[in-house]
Amino acid sequence: MSNIKSVNVRMSRIGFHGVEINKVVYVPSVDITYTDTNKKKLSIFAPISDGNKGLKRKDFHGVVVCGDFFVILFTNEWEILSDDCKLLATMKPCGTPIQADEDEFIVRDGNVITWYDKNGKNVGSRELTAEEIEYLDKK
């Protein structure tokens with residue numbers, strides 16, 4: 001398995017024009033670099049789920065990079081992708097991502113934080129302390 005060093009996502013504009021259709025959609029174009037210097041940079045259009053068909057540029061809200069997977073944050077669904085840009089899972093937005101670890105990412109929803117794995121499964125949650133809430137609110 002390759003560890004991801006960085007992920008850059010751009011919303012690439014694609015137009016469909018014809019007699020009965022004249023539509024512009026945006027597709028996430030992904031550049032992945034790896035910590036292994038022998039592995040070449042990957043540049044590819046990311047697969048998207050049916051919940052994200054017909055994306056607009058404003059639907060993209062960022063990316064969370066973990067060890068061997070990453071999450072593209074969209075308005076309707078979050079796409080969880082492997083280090084070779086294969087769609088692993090999708091999940092509904094459920095708060096604000098606040099941290100990425102090697103095997104999971106952490107999302108804050110109100111005063112609760114939840115850990116999610118590369119399959120979008122909840123692997124634990126807890127309530128924040130008053131000090132943690134104060135610290136996170138200042139960020």
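Counting heavy atoms of neighbouring residues, nucleotides and ligands inside a 6.0 Å radius, atom CZ of Arg13 does not exceed 12 of them. Atom CG of Asp84 has more than 12 heavy atoms from other residues, nucleotides or ligands within 6.0 Å.
Using a 4.5 Å heavy-atom threshold, the side chains of Val27 and Met11 count as separate. A 4.5 Å side-chain heavy-atom check between Asp36 and Asn3 finds every atom pair outside the cut-off. Using a 4.5 Å cut-off on side-chain heavy atoms (C-beta onward), Pro97 and Trp78 make contact. Counting heavy atoms from C-beta outward, Leu81 and Lys86 have side chains that stay 4.5 Å or more apart.
Taking both residues in full, the closest heavy atoms of Thr90 and Ser49 are given as CG2-CB, 3.5 Å, listed atom of the first, atom of the second, then distance. Across Ala89 and Lys118, no two heavy atoms sit closer than the pair CB-O, 4.2 Å.
Note that OH of Tyr34 is 12.5 Å distant from NZ of Lys40, once rounded to the nearest 0.5 Å. To the nearest 0.5 Å, atoms NZ (Lys121) and CD (Glu104) are separated by 15.5 Å. Going from atom CZ of Phe60 over to atom CG of Leu73 covers 7.5 Å, rounded to the nearest 0.5 Å. Put simply, OG on Ser12 and CZ on Phe45 are 4.5 Å apart, with the number rounded to the nearest 0.5 Å. How far NZ of Lys92 is from CZ of Phe74: 13.0 Å, rounded to the nearest 0.5 Å. Interatomic distance, NZ of Lys39 versus NZ of Lys5, reported as 15.0 Å (0.5 Å rounding).
Side chain of Asp109 to backbone of Val112: no donor-acceptor contact under 3.5 angstrom is found. Here the side chain of Asp101 pairs no donor or acceptor atom with the backbone of Phe105 at under 3.5 angstrom.
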Please report the C-alpha distance between Glu77 and Lys53 in whole Å, then the side-chain angles of each, then the deciding distance to 0.1 Å, and finally whether the salt bridge (Lys or Arg N to Asp or Glu O under 4.0 Å) criterion is met.
-> CA-CA 10 Å; Glu77 283 187 340; Lys53 298 289 186 210; over 6 Å; no

Test log, rule side chain to side chain donor-acceptor pair (under 3.5 Å), inputs Thr114 and Asn122 = CA-CA 7 Å; Thr114 305; Asn122 176 331; 4.7 Å; no

Could you give me the CA-CA distance, side-chain angles and deciding distance for Arg108 and Asp137, then say whether salt bridge (Lys or Arg N to Asp or Glu O under 4.0 Å) is met?
-> CA-CA 11 Å; Arg108 178 185 181 189; Asp137 287 345; 3.0 Å; yes

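Members clustered with Ile106: Ile98, Ile113, Trp115, Val123, Leu128, Ile133, Tyr135, Leu136, by chain and number, using a 4.5 Å side-chain heavy-atom cutoff among hydrophobic residues.
A side chain to side chain donor-acceptor pair (under 3.5 Å) with Ser6 is found for one member of Thr35, Asp31, Thr33 and no other, namely Thr33. Partner Tyr116 forms a side chain to side chain contact (heavy atoms under 4.5 Å, CB included) with one of Val107, Ile80, Val64, Val71 and no other, that one being Val107.
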